[in-house]
Amino acid sequence: MGRKDASTTKLPVDQYRKQIGKQDYKKTKPILRATKLKAEAKKTAVGIKEVGLVLAAILALLLAFYAFFYLRLSADADPDLDPNED
């Protein structure tokens with residue numbers, strides 16, 4: 001008999017979920033569809049922060065590449081040529 005009584009009482013969480021479900025059901029389909037699309041677009045949208053980080057990484061890579069070759073080529077200059085020599 002104890003099991004039958006326990007199954008009839010519902011948890012507050014289940015009651016809350018049922019209440020939320022009723023509220024969503026009252027909304028019309030276009031409103032639900034628009035809300036769903038808006039949430040999906042917000043989730044998949046590329047933010048300004050991500051774009052900035054990618055551009056900063058590319059800029060840092062190009063700067064490192066340039067510095068590497070600048071130092072490499074300036075060290076390979078011919079030491080016999082002196083620009084101050086007459």
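Under the 4.5 angstrom side-chain criterion for Ile, Leu, Val, Met, Phe, Trp and Tyr, Leu59 has no cluster partners at all.
Ring geometry for Tyr70 versus Tyr66: interplanar angle under 30°, hence parallel rather than tilted (30 to 60°).
When Ile48, Leu53, Val54, Leu55 are each tested for a side chain to side chain contact (heavy atoms under 4.5 Å, CB included) with Val51, only one passes: Leu55.
A search for side-chain contact (heavy atoms from CB on, under 4.5 Å) contacts involving Val13 returns Arg17, not counting sequence neighbours.
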